[in-house]
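I have placed the structure first, in the form of structure tokens, so that the comments after it can refer back to it.
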Amino acid sequence: MAKAASNEDPSTVDAAGIAKALGTDLDRGLAAAEAARRLAEDGPNEIRAAPRAAAWRRLAAHFRDPLIYLLLAAILIATAAWLLEGRVGWPVDAIVIAVIVVLNAVLGFVQEARAENAVAALGRLTAVTSSVIRDGHAMRIPSAQLVLGDLLVLGEGDAVGADARLVQVSTLRVQEASLTGESEAVLKDTATLGTLSALADKVNMVFKGTAVAQGTARAVVTATGADTEMGAIAEMLEATREQPTPLQREVGQIGRMLGTAVVVIALIVVATILLVQDVRGTRDITTVLLLGVSLAVAAVPEGLPAILSVVLAMGVQRMARRNAIVKRLSSVETLGSASVIASDKTGTLTRSEMTIERVMTASGSTRATGIGYAPHGRIEHQGDELSAGPVFTENIVVLGGGSLASNAELRKTAEGVWEIQGDPTEAAFLVAEQKLGTAERRKRRFLRVQEIPFTSERKMMSSIELDHEHDDQPVVMSKGAPDVLLQWCNRVRVGDDVIALDDAIRHRILADVNTLSDAALRTLSVAYRPLEPGEQAQDGEALEHDLIFVGTVGIIDPPREEAGLAIREAQRAGIRVIMITGDHPRTAARIAADLGIVAPGTPALTGLDLDALDEPAFMDAVRATSVYARVAPQHKLRIVDALQADGNVVAMTGDGINDAPALKAADIGIAMGRTGTEVTKEAARMILADDNFATIVQAVREGRAIFDNIRKSLRYLLSSNMGEVLTVFLGVVLAGVIGLTDPTGAVVLPLLATQILWINLLTDSGPALAMGVDPETDDVMARPPRGPNERAIDSRMWMNVAGVGAVMAMATLLTLDMYLPGGLIAGTHDLDNARTAAFTVLVFAQLFNSFNARSATTSAFRGVFSNKWLWCAIGFSVVLQVAVVHVPFLNLAFGTAPLALDQWLSCVAMASIVLWFSELWKITGRFISGQGAGRKAVPAPTAVD
Ligand code: ATP
């Protein structure tokens, strides 16, 4: 952060004075090395949010958790028991629990750090940028790198990156509501102010956090970071923290509910043991208490929130790699439930590679297939069908006029390749003219003195040119949407003559436009007028009247191939695709039909049509219409509102500054990464780095898959926890039935406290996380969008969780029974051995369950090898389990005893029951839903890879 050193307010110093004070060259800007030096000295141009807490504090925060307090209490109990019993050997239980507490905290810390890093990386991807001139070259840099004295270049839709003194303006209007509350955009100029004025009156300054609504300018940065006007008020503003997403809130609620339930269950278990068994001495009491605590800790899915944020964050990173940059984690969920995608046409559904195909003028129509450029701005083929005569003259005027009333540039690179810069629509005129060979003469003949800019509302633009061949006569050159431009014309050019534009000609021109539009061509017309003496002093827009119409071009802008496929995919997924464009209704209707958005022949609804509708009629129209043309940004806002009022979750694209309100209103506002303005990008929730419609559908797909994966982790964790709770509870209650007794009369438990904590540590982390990166198992795009109020865990999932948990507990207890003498099945092993076998069955059952949990409907065997992370996690868990059973010091720590090979085999077989049960469950479920759906075509779940 920094501020101009001078005591004088920059608004009261003239441009040259400011440049001198800050060492800036008003043509070449700062030297890059000097800018780097200033950045190092003054720090980045950021209004500091609260600094990130130190790592040890964040780690310590993981110990401030009720469950950890419980475990700490358990350590105390175990240590006390060891002390009371005369300090024999080591306080093994206390040590094991302490290690587990630390491991838990470290795991949580690592996961949290991962999620935070992913969010921070996104922040860098979506950083606001500014244009500056350094070393005489224009460049775009992250606004955080702006330094004092930087020469800012501002254009429509730019977010002003720092406070700066204007040194050059062209009809600059700045939206300063965020700073001053003034809702109208303020007209700026460069004149030095005589006295110090209030912020709102400093018209020769621009301020960080405001937005350029219109025009262009250059300005010298006079304050950065906290020294800016925005920085001064920033202390009052809350730093924006990532809010929990709806899913995170739901999971939080479930966690709290389960926490309470589990503590109650743990109390019941402890009470039951105390009632049913003969508890004697401190050893028994501590064993029972430790079991109660461990059960409570193990059964609460405390790892869930961390897993959720990691899964969301990793999903967001994956999306970013595929060009969909999501700004908030919550948008991932919203994307998954999108029911409408409303998209622009130009550049998103089409390729934005514009080629003039036809030129239609009063004397005839020219097919100009030779006039064009191929992708990347290279001119590929030569040869045109134009020849001398009135048509030729008219064509020269159409293409020359279009080129003059434009800001694009056509440049030959060092390799001799033509490249375009700027709006492709405008560049199409330059390219066509270049082909005709008339560009050079036109450039020599005219000199631009003023521009009347294009806006999506006006749908036209003009420039005022001095005509050197006619004594510098000023001429207004206009190009724009034919229907709009024609309203300002009263004459028409025919060859070298100019005649009155009567109704018959007007109709013919409009018929020509319809012909072009029906052929999916984008239409633009060109008109001009020599100005009367003195007229030039008038305000720009006032000059656009009594124009002489010259002709219309038809520009081909081919649809993106992948857009058609993506539209079909979206429709299959129950998502309605809507096209909202500023283009001609017939062009829009034809392209929409070509892309499969509507049936051929369906007309588009125009902005004018919409204006004529009252609220109920508007709602009906929005329900029925999927192509809108000649709309202005305010129509987009109304359409979003209507769609949302109808219960839709709306994703909407936009690029211009005036699209920002509609993007804010939409559930997922999508800005164009390439052509979008900075202001739109700020308003959006997602940025399309490649401007491509197909990327939106891909993002929806990812959003759905991420939501599915979270449900998989939930299903897995909850059913596993249920298995643990039921094992201990039923084990205690049914102890007599399964022969769980101790000849010495000591308290016997189906599992030891440390074993339960072990299971928790092993299965809660690896497999649950691996499920978060699971490839799609069900066909995510073959079902309708999730309702906005649909819960992550529905009653069906709860039933499944209870069923799988019960089977897991039964398999575990049956194993216990099998190896113990007495009970239902008489065995011959001792308690430690039988308990180890049961413990192993429970661990393995959870690992088998991780395959079940990957889909609620599809068999676990489909795509069983597709998730390598899951296999790694399982492999790791198996190795650890073998170690805990066979390594002597772990035997001591976890109360285990080595198992024989046949025992291992039967443990795996017993554990696999959970898999077979789940397969049966799914087959039944599929059968029932198949019956329910009757003969309706239900898309079958498809296999993975
Ligand atoms: P979309 O809204 O799908 O991106 P679009 O680019 O056609 O489509 P606008 O930019 O609002 O929408 O343009 C509306 C109309 O204005 C176009 O159909 C065209 O006739 C005219 N137009 C577009 N660009 C220019 C321009 N640079 N100069 C003059 N007229 C233009």
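- Expressed to the nearest 0.5 Å, how far NE2 of His584 lies from OG1 of Thr606 amounts to 10.0 Å.
- Judged purely by distance below 3.5 Å, without hydrogens or angles, the side chains of Ser406 and Ser403 never pair a donor atom with an acceptor atom.
- With a 4.5 Å cut-off on side-chain heavy atoms, Lys188 and Glu176 count as touching.
- Note: Ile464 CD1 to Leu404 CG = 11.5 Å, rounded to the nearest 0.5 Å.
- By the side chain to side chain contact (heavy atoms under 4.5 Å, CB included) test, Thr455 is found to be paired with Glu457, Arg458, residues two or more places apart in sequence or in another chain being considered.
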Inset, instruction - In sequence, state the C-alpha distance, the side-chain angles, and the governing distance for Arg445 and Asp467, and then conclude on salt bridge (Lys or Arg N to Asp or Glu O under 4.0 Å). - result: CA-CA 6 Å; Arg445 179 171 166 183; Asp467 182 352; 2.8 Å; yes
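- Using a 4.5 Å heavy-atom cutoff, the side chains of Arg358 and Val553 are not in contact.
- In summary, Arg140 and Glu678 engage in a salt bridge, as defined by a charged side-chain N under 4.0 Å from a carboxylate O.
- Using a 4.5 Å heavy-atom threshold, the side chains of Lys636 and Asp659 count as touching.
- Side chain of Gln473 to main chain of Leu531: a donor-acceptor pair is present (N/O by atom type, distance under 3.5 Å, no hydrogens or angles).
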Legend entry - Stepwise side-chain contact (heavy atoms from CB on, under 4.5 Å) check, Leu166 with Asp189: CA-CA 7 Å; Leu166 290 162; Asp189 63 38; over 6 Å; no
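- Atom CD of Gln487 is separated from atom CD of Glu544 by 12.0 Å, given to the nearest 0.5 angstrom.
- The heavy-atom pair separating Ser517 from Arg586 by the smallest distance is CB-CB, 3.4 Å.
- Residues meeting the side chain to side chain donor-acceptor pair (under 3.5 Å) test with Thr675, sequence neighbours left out: Asp691.
- Minimum interatomic distance between Val398 and Val526 (heavy atoms only, all atoms of both residues): O-CG2, 3.4 Å.
- Ion pairing between Arg493 and Glu394 fails under the 4.0 Å rule for side-chain N and carboxylate O.
- In terms of heavy-atom proximity, Ala588 sits nearest to Ala629 at CB-CB, 3.8 Å.
- Side-chain contact between Tyr628 and Asp609: absent, with no pair of heavy atoms (C-beta onward) separated by less than 4.5 Å.
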Legend entry - side chain to side chain donor-acceptor pair (under 3.5 Å) evaluation trace for Asp512 with Thr552: CA-CA 8 Å; Asp512 283 351; Thr552 305; over 6 Å; no
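- Here Arg560 contributes atom CZ and Leu565 contributes atom CG; the two are 13.0 Å apart, rounded to the nearest 0.5 Å.
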Inset, instruction - Take Arg674 and Leu688 through the test side-chain contact (heavy atoms from CB on, under 4.5 Å) and record every step on the way to the result. - result: CA-CA 8 Å; Arg674 290 193 192 158; Leu688 281 190; over 6 Å; no
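- Ion pairing of Asp646 with Arg623 is present here, as a side-chain N (NZ or NE/NH1/NH2) and a carboxylate O approach within less than 4.0 Å.
- In summary, the side chains of His545 and Asn490 do not present any donor paired with an acceptor at a separation below 3.5 Å, with no hydrogens or angles considered.
- Side-chain atoms of Leu172 and Val212, non-hydrogen and from C-beta on, do get closer than 4.5 Å to each other.
- Side-chain N or O atoms of Asn323 include none that pairs as donor or acceptor with a backbone N or O of Ala689 at under 3.5 Å.
- The number of heavy-atom neighbours closer than 6.0 Å to CG of Asp471, taken from other residues, nucleotides and ligands shown, is 12 or below.
- For the pair Ala159 and Val679, the tightest heavy-atom approach, listed with the atom from each and the gap, is N-CG2, 4.2 Å.
- Panel note: side chain Lys681, backbone Gly673; a donor-acceptor pair is recorded below 3.5 Å.
- Between Glu440 and Lys443 there is a salt bridge, since a side-chain N of the basic residue sits under 4.0 Å from a carboxylate O of the acidic one.
- With contacts defined as side-chain heavy-atom distances shorter than 4.5 Å, the pair Ser525/Lys479 does not qualify.
- No donor-acceptor pair closer than 3.5 Å links the side chain of Thr625 to the backbone N or O of Val622.
- Heavy atoms of other residues, nucleotides or ligands lying less than 6.0 angstrom from NE2 of His470 number 12 at most.
- Phe618 carries Arg638 over the face of its six-membered ring, with the cationic atom under 6.0 Å from the centre and within 45° of the normal.
- For Arg529 and Asp546, the salt-bridge test fails: no basic side-chain N is under 4.0 Å from an acidic carboxylate O.
- Between Lys459 and Asp483 no salt bridge is recorded (no basic side-chain N to carboxylate O distance below 4.0 Å).
- When each of Thr425, Thr587, Thr581 is checked for a side chain to side chain donor-acceptor pair (under 3.5 Å) with Arg522, only Thr425 meets the rule.
- Rounding to the nearest 0.5 Å places CD of Glu353 at 11.0 Å from CD1 of Ile556.
- A donor-acceptor contact shorter than 3.5 Å is absent between the side chain of Gln175 and the backbone of Val186.
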Inset, instruction - Take Asn692 and Arg351, measure what side chain to side chain donor-acceptor pair (under 3.5 Å) needs, and give me the verdict at the end. - result: CA-CA 9 Å; Asn692 188 346; Arg351 285 196 256 170; over 6 Å; no
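- Among the candidates Leu521, Asp518, Leu524, Thr523, the single residue satisfying the side chain to side chain contact (heavy atoms under 4.5 Å, CB included) test with Val513 is Thr523.
- Formation of a donor-acceptor pair under 3.5 Å by the Arg448 side chain with backbone atoms of Ala405 is not found in this model.
- Considering CG of Leu154 and OG of Ser170, their distance stands at 12.0 Å, rounded to 0.5 Å.
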Legend entry - Residue pair Ser626, Arg576: steps toward the side-chain contact (heavy atoms from CB on, under 4.5 Å) verdict: CA-CA 8 Å; Ser626 294; Arg576 187 170 147 209; 3.4 Å; yes
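- The shortest non-hydrogen separation linking Thr348 to Ser343 is CG2-OG, 3.5 Å.
- In this structure, Leu643 and Val640 have side chains that are not in contact, with every pair of non-hydrogen atoms separated by 4.5 Å or more.
- The backbone N or O of Ala632 lies less than 3.5 Å from a partner atom in the side chain of His635, making a donor-acceptor pair.
- Look at Asp594 and Arg590 and you find a salt bridge, because one of the NZ, NE, NH1 or NH2 atoms lies within 4.0 Å of a carboxylate O, short of that distance.
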Inset, instruction - Begin with the C-alpha distance, continue with both residues' side-chain angles, and end with the deciding distance and a verdict on side chain to side chain donor-acceptor pair (under 3.5 Å) for Asn648 and Ser339. - result: CA-CA 6 Å; Asn648 286 299; Ser339 60; 3.0 Å; yes
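- Considering every non-hydrogen atom in both Val550 and Ala527, the closest pair reads CG2-CA, 4.0 Å.
- Counted by atom type alone, Asp472 and His468 present one or more donor-acceptor pairs between their side chains at under 3.5 Å.
- Of the listed residues (Leu349, Ile670, Asp583, Thr653), just one forms a side chain to side chain contact (heavy atoms under 4.5 Å, CB included) with Asp344, and that residue is Thr653.
- At least one side-chain heavy atom of Leu501 sits less than 4.5 Å from a side-chain heavy atom of Ile509.
- Between Glu469 and Arg441, at least one side-chain N (NZ, or NE/NH1/NH2) sits under 4.0 Å from a carboxylate O, which counts as a salt bridge.
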